[in-house]
Undergrad: 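Right, I'll just put the structure down here and ask away after.
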Amino acid sequence: MEPFYTTDVLVIGGGLAGERAAIEAAASGHKATILSLVPPRRSHSCAAQGGMQASLGNCVKASGDNAHWHFLDTVRGSDWGADQEVARMFAEEARVAVREMAYWGVPWTRATPGKNSYFIKGERVEIDEPEDKAGMIMHRDFGGTAKWRACYASAGTGHSVLYAVDAEVSRLGIEVRDRMEALSLIYDGDRCWGAVARCLRTGELTVFAAKATIIATGGYGRIYGKYTTNATINEGTGAMLALNTGKVPLGNMEAIQFHPTGLWPSGILITEGCRGDGGYLVDKDNHRFVAELEPEKQELASRDVVSRHMMQRIKDGKGADSKFGPHIWLDLRHLGEQHLKTKLREIWEICRDFAGIDPVKEMIPVRPFQHYSMGGVRVNKDGQAYNMRGLFAAGEAACWDMHGFNRLGGNSLAETVVAGRIVGQRVAQFVDGETLDVSTALTDAFKKEQEARIADWMSRKAEGPSVYDIRDAMGEIMIDKVGIFRTASELEEAVAGIKDLLEQVKTAGLHNSKPGVNPELTFALRLEAMLKLALITAKGALERQESRGAHSRVDFPQRDDKNWLKRTLARWPVGASEPELSYEPVGMLDLPPGERGYGHATRIPLEQSIEDYNATVVEAQKAAGKQDTVEPMGSQIQWGAWEQADTKAASS
Amino acid sequence: MAENIKTARILKFDIFRYNPAEPDKPPYMQRFEVEEAPYMSLFLALNQIREEQDSSLQFDFVCRSAVCGSCGMMVNGRPALGCQTLTADLPEVIALHPLPTFALIGDLSVDTGRWFRSMVDRVNGWIERETEFDRASIEAPMDNATADKIYEADRCIECGCCVAGCAVANVRPDFLGATGLNRIARFMMDPRDQRSEQSWFEVVSDSEGVFGCIGMMACDDVCPKDLPLLEVYSYVRRKAVASLFSSGEDHPARREAEKA
Ligand SMILES: Cc1cc2nc3c(=O)[nH]c(=O)nc-3n(C[C@H](O)[C@H](O)[C@H](O)COP(=O)(O)OP(=O)(O)OC[C@H]3O[C@@H](n4cnc5c(N)ncnc54)[C@H](O)[C@@H]3O)c2cc1C
Ligand code: SF4
Ligand code: SF4
């Protein structure tokens with residue numbers, strides 16, 4: 001492979017967000033190049049099961065839905081941590097994005113007119129779907145939404161969407177370098193010029209010089225070790241690229257979502273669509289405790305709320321026993337064989353293959369697992385990273401911030417294609433006015449730095465704990481002490497424990513020094529960054545003295561809008577031994593902070609008026625490093641338009 | 001199930017080893033012993049071997065839940081997904097080889113990614129259309145039965161097991177394999193695709209397309225997603241023959257079809 005490669009737009013990540021952005025850049029006539037750890041279709045996006053939110057309103061239970069409702073649900077779901085302008089842009093564009101996916105070939109499940117039978121709040125209900133919606137994209141119910149809104153292709157939504165988008169990448173002839181891992185960005189002061197990458201076929205390094213670089217590397221759930229639904233490659237290498245510049249902040253890294261139903265003990269996801277389609281959660285006494293605790297939304301309260309109820313139940317000794325520890329049951333038997341083998345076919349297969357269970361006849365053992373990273377590379381609404389020109393981020397890797405402290409199911413797939421589209425356009429505009437002005441002296445320096453890192457690892461023989469031992473220790477700390485319920489004392493222990501592991505990494509070595517890819521080296525190169533992300537997560541959680549969305553502090557149970565209606569920004573100055581945390585306002589408020597309608601949390605109200613809060617946003621975010629956007633901040637907010645949705649009561 | 005095993009078995013893994021970065025070392029088989037655990041899959045076993053016994057061992061897993069298609073390998077001579085294969089279903093001695101027909105990256109890791117991208121490029125594996133997406137209009141309706149049918153074919157995870165298990169693919173590197181035919185079928189049945197019968201025929205008519213297949217259906221047996229490859233094969237063949245007759249073209253495949 002050539003040691004030096006130039007392109008207009010370098011997209012690091014071949015999942016949905018990266019590919020969608022690359023398509024946009026290529027469609028505007030720029031050369032786009034995609035790097036990915038794996039062939040793009042194997043990216044984690046392919047594992048998304050249940051659905052993608054877009055307010056098309058195509059069935060009776062979705063009637064009257066529109067972008068206002070979607071906006072409201074998203075901001076409420078975020079526990080007001082979201083940037084409301086971004087949530088608004090998202091809700092509007094999701095409708096277009098889902099239809100575009102239909103155009104590109106996604107076999108969305110379609111509406112069938114006439115009598116349809118559903119399970120709603122534990123009862124079988126027959127609904128007459130109207131003739132005029134025949135063949136339109138169908139919806140299913142997901143947690144935390146007022147209307148049925150999730151568009152789906154059986155339980156293989158991510159697979160079908162990713163295949164359609166990747167097909168478009170092929171159609172446009174966009175170059176993909178798979179098995180190519182970006183190890184470091186190349187930057188000159190505050191201008192990014194591409195990345196140094198390592199080939200995972202040969203181990204060789206290549207410089208990819210580019211006018212603009214997009215980080216679309218997905219989530220980093222593997223900092224929770226094996227206690228995650230995420231793929232094995234979700235190791236936060238993308239967040240690390242930004243963090244290691246010392247300048248670009250990561251936003252809200254303590255905002256970690258736990259999904260209520262990972263298959264116990266393997267952590268393979270059982271989609272929320274199961275509960276959306278009418279599944280029950282029951283304890284060891286066969287009691288539907290979530291339905292009792294959340295009479296309104298029942299099993300479909302938001303994920304943070306359901307996960308907490310489940311862990312509390314287990315703590316109260318009401319979990320079902322197994323040799324791997326206690327769990328809760330997911331009961332789908334009443335949905336019937338026909339439904340399970342068609343609309344939830346992938347789930348039926350997972351139960352058969354990985355737990356030897358037939359969900360038609362047996363209940364499924366489940367427990368909450370780490371699932372989604374709301375935090376990530378902090379960007380403005382155009383997708384531009386703070387403090388670094390020419391660097392963008394999109395998808396789960398970014399903190400664009402439409403999810404705040406809790407992401408709604410189905411909103412993430414939608415985000416990838418919506419953000420991919422919007423950010424891709426902004427990148428194309430940016431590249432229009434730029435020339436590639438980068439010296440080989442600069443790129444060589446960055447390449448040498450990586451060569452030195454590799455040589456250093458290769459020269460160190462393992463004596464103490466292996467890189468895998470350190471990883472496992474990190475996972476145990478994270479799930480035990482930075483999990484669903486958090487307290488100051490445990491978080492302090494976590495911070496100390498991870499710092500200790502960071503020390504151990506410095507002297508850890510390898511068990512083999514084989515040339516080529518060397519899988520142990522490949523992992524070792526990621527480990528320090530994973531620990532840094534873990535430390536930032538623990539520290540952010542320790543500092544945030546309130547409970548908001550998925551961040552639940554037992555010692556500070558209230559949401560505190562007076563002191564904490566703000567986003568954490570974490571930087572790791574070059575050479576420092578610890579991250580630096582700072583804060584910025586979440587963004588301009590359109591929907592005033594209020595109750596979510598589930599979860600029963602109380603709160604400390606905002607003391608300022610909304611106007612006063614909003615007046616501080618532009619300056620404060622600019623001071624934090626936010627770059628100017630093409631259109632001014634706030635221009636996409638449709639002030640007060642959400643009232644058009646909220647005047648009517650929720651239909652479900 | 002493994003759960004009921006009283007004393008755990010000691011599994012013997014015989015694993016194919018070759019590192020292209022060490023060209024002087026010829027390929028060899030290496031034995032590793034692992035104590036069996038409940039619900040142990042090849043995903044768990046191989047990671048355990050790498051983390052505890054030989055950290056240079058190469059293999060690929062991503063989703064570990066049989067949806068990403070990364071971990072195809074030969075398990076006792078049969079192509080299968082490593083994550084989906086439980087040791088409880090295997091004898092004590094387990095031989096693992098990389099999938100044949102794909103370029104070897106090292107040990108059990110093969111380059112299915114490039115193979116599949118080139119397959120997609122060869123069959124134009126996307127919706128061919130003349131129009132542009134119009135962001136102002138709503139979606140074109142499609143009846144759900146059609147959507148279901150497309151989804152059924154769309155489920156292929158590009159694991160390569162069908163290709164590895166196919167006698168033809170093993171001797172003809174250009175053969176599209178069952179997965180390639182399935183991809184063609186997926187777009188043929190999609191009303192959004194505007195390709196003419198004739199242009200489909202060009203894709204499938206050469207010997208590397210549908211007529212290269214000898215119909216032994218090894219592929220149908222090994223597909224971990226239970227794709228109905230037998231049906232796919234007859235569907236594509238029927239369509240190809242039909243377009244052949246309508247075109248009136250003289251083609252070896254037509255003569256073959258007329259004989260049959
Ligand atoms: C099991 C599961 C089920 C889910 N189900 C749903 C659902 O039903 N609905 C929903 O909305 N959301 C769902 N989600 C969430 C959603 O799937 C993800 O958030 C989304 O797909 C992320 O897409 P992405 O493009 O940002 O990242 P990914 O798809 O993870 O892609 C990341 C890409 O970056 C590449 N990469 C990473 N690091 C590097 C590097 N250093 N160099 C080069 N390349 C790199 C990878 O190879 C990959 O191509 C689910 C998540 C999980 C875990
Ligand atoms: S039927 Fe036989 S020859 Fe044809 S694709 Fe399947 S395995 Fe190959
Ligand atoms: S058809 Fe089946 S065996 Fe072949 S690549 Fe697709 S999923 Fe794998």
Side-chain angles (χ1 to χ4, degrees), chain A residues 38-39 41-44 46-47 56 96 99-100 102-105 107-112 134-138 153-154 156 159-160 163 167-168 170-171 176 178-179 201-203 231-233 266 268-269 323 342 346 349-350 353-356 466 468 510-512 514-520, chain B residues 1 3 19-22 38-39 41 50-51 54-70 84 86 105-106 111-114 116-117 120-121 124-127 129 133 135 137-144 146-151 154-155 157-158 187 190 192-193 225:
Chain A
V38 294
R41 294 180 183 204
R42 315 213 187 288
S43 299
H44 196 51
C46 81
L56 305 182
V96 179
R99 288 175 172 145
E100 184 177 57
Y103 194 75
W104 289 359
W108 297 113
T109 298
R110 302 294 178 129
T112 318
M136 306 311 275
I137 296 171
M138 184 58 186
S154 188
H159 167 93
S160 282
Y163 273 47
E168 197 64 13
S170 290
R171 193 176 76 89
V176 177
D178 70 339
R179 294 187 187 255
R201 290 183 176 84
T202 63
T232 59
I233 59 168
S266 66
I268 295 172
L269 185 78
K323 69 155 96 34
T342 56
E346 286 66 22
E349 288 176 355
I350 285 171
D353 296 342
F354 299 99
S466 74
Y468 302 114
L510 304 182
H511 285 94
N512 91 87
K514 296 256 171 73
V517 199
N518 194 336
E520 189 183 18
Chain B
M1 283 272 50
E3 230 181 320
N19 180 6
E22 296 174 293
Y39 294 111
S41 62
R50 176 152 81 194
E51 292 173 15
D54 186 338
S55 62
S56 69
L57 185 63
Q58 293 184 55
F59 50 77
D60 296 313
F61 288 98
V62 178
C63 75
R64 53 84 173 87
S65 57
V67 294
C68 77
S70 301
Q84 203 187 29
L86 298 180
I105 290 176
D111 209 337
T112 46
R114 282 191 182 156
F116 277 95
R117 167 86 190 234
V120 169
D121 287 343
N124 291 10
W126 47 77
I127 302 277
R129 74 259 167 180
F133 173 67
R135 44 177 295 131
S137 70
I138 63 168
E139 69 271 27
M142 176 187 278
D143 69 60
N144 195 47
T146 307
D148 277 352
K149 233 171 54 190
I150 299 169
Y151 179 74
D154 202 47
R155 291 187 310 112
I157 58 171
E158 302 195 342
F187 288 100
D190 195 322
R192 294 166 291 198
D193 195 298
K225 299 313 270 185

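Order of the sequence lines sets the chain letters (A, B, ...), proteins ahead of strands, with each chain counted from 1. Note that this is a predicted model, so its numbers are computed, not measured.
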Undergrad: Between A:His159 and B:Val67, is any pair of side-chain heavy atoms under 4.5 Å apart?
TA: no
Undergrad: Given that the side chain runs from C-beta out, which part of A:His511 has a heavy atom under 4.5 Å from chain B: side chain, backbone, both or neither?
TA: both
Undergrad: Is a donor on one side and an acceptor on the other found under 3.5 Å between the side chain of A:Arg179 and the backbone of B:Asp111?
TA: no
Undergrad: Do B:Glu139 and A:Met136 come close enough that some side-chain heavy atom pair is under 4.5 Å?
TA: yes
Undergrad: Quick check for you: among B:Glu158, B:Lys149, B:Lys225, B:Glu22, which has the greatest number of heavy-atom pairs under 4.5 Å with chain A?
TA: B:Glu158
Undergrad: Is B:Arg129 in contact with chain A via its backbone, its side chain, both, or neither, using a 4.5 Å heavy-atom distance?
TA: side chain
Undergrad: Going by heavy atoms in the side chains, are A:Glu349 and B:Gln84 under 4.5 Å from each other?
TA: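 No, too far: nothing below the 4.5 Å cut-off.
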Undergrad: Between B:Arg135 and chain A, with a heavy-atom cut-off of 4.5 Å, which part of the residue counts as in contact: side chain, backbone, both or neither?
TA: both
Undergrad: By a 4.5 Å heavy-atom criterion (distance strictly below it), what part of A:Ala47 contacts chain B: side chain, backbone, both, or neither?
TA: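 For A:Ala47, the contact with chain B is made by backbone and side chain together.
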Undergrad: Considering non-hydrogen atoms only, spot the tightest contact between B:Asp121 and A:Ser170 and give its length.
TA: OD1-CB, 3.5 Å
Undergrad: Do the non-hydrogen side-chain atoms of B:Arg64 and A:Ile268 ever get within less than 4.5 Å of each other?
TA: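 SC-SC contact between B:Arg64 and A:Ile268 confirmed.
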Undergrad: With heavy-atom distances below 4.5 Å as the criterion, would you say the side chains of A:Arg42 and B:Asp60 are in contact?
TA: no
Undergrad: Using the salt bridge (charged side-chain N to carboxylate O under 4.0 Å, His left out) criterion, which residues pair with B:Asp143? Sequence neighbours excluded.
TA: none
Undergrad: Should A:Val176 and B:Arg117 count as side-chain neighbours, where that means a heavy-atom distance under 4.5 Å?
TA: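 Yes, their side chains come closer than 4.5 Å.
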Undergrad: Quick one: what part of B:Ser41 sits under 4.5 Å from any heavy atom of chain A, side chain, backbone, both or neither?
TA: neither
Undergrad: Is it the backbone or the side chain of B:Ser137 that comes under 4.5 Å from a heavy atom of chain A, or both, or neither?
TA: backbone
Undergrad: B:Asn19 and A:Pro515: which non-hydrogen atoms are nearest, and at how many Å?
TA: ND2-O, 3.0 Å
Undergrad: Do the non-hydrogen side-chain atoms of A:Val96 and B:Phe133 ever get within less than 4.5 Å of each other?
TA: yes
Undergrad: For B:Arg50, enumerate each residue passing the salt bridge (charged side-chain N to carboxylate O under 4.0 Å, His left out) test, keeping only those at least two apart in sequence or located in another chain.
TA: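 With neighbours one apart ignored, the set is empty.
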Undergrad: When you check the side-chain N and O atoms of B:Arg155 and A:Ser154, is any donor under 3.5 Å from an acceptor?
TA: no
Undergrad: Compare every heavy atom of A:Asn512 with every heavy atom of B:Ser55, then report the nearest pair and how far apart it is.
TA: OG-ND2, 2.9 Å
Undergrad: Side chain, backbone, both or neither: which part of B:Ile157 has an atom under 4.5 Å from a heavy atom of chain A?
TA: both
Undergrad: Considering only heavy atoms and a distance below 4.5 Å, find which of B:Ile138, B:Thr112, B:Val120 pairs most often with chain A.
TA: B:Ile138
Undergrad: Can any side-chain N or O of B:Asn144 pair as donor or acceptor with the backbone N or O of A:Thr109 at less than 3.5 Å?
TA: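 Judged by distance alone, no pair lies under 3.5 Å.
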Undergrad: Answer yes or no: is there a side-chain heavy-atom contact under 4.5 Å between A:Lys514 and B:Gln58?
TA: no
Undergrad: By a 4.5 Å heavy-atom criterion (distance strictly below it), what part of B:Asp154 contacts chain A: side chain, backbone, both, or neither?
TA: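 For B:Asp154, the contact with chain A is made by backbone and side chain together.
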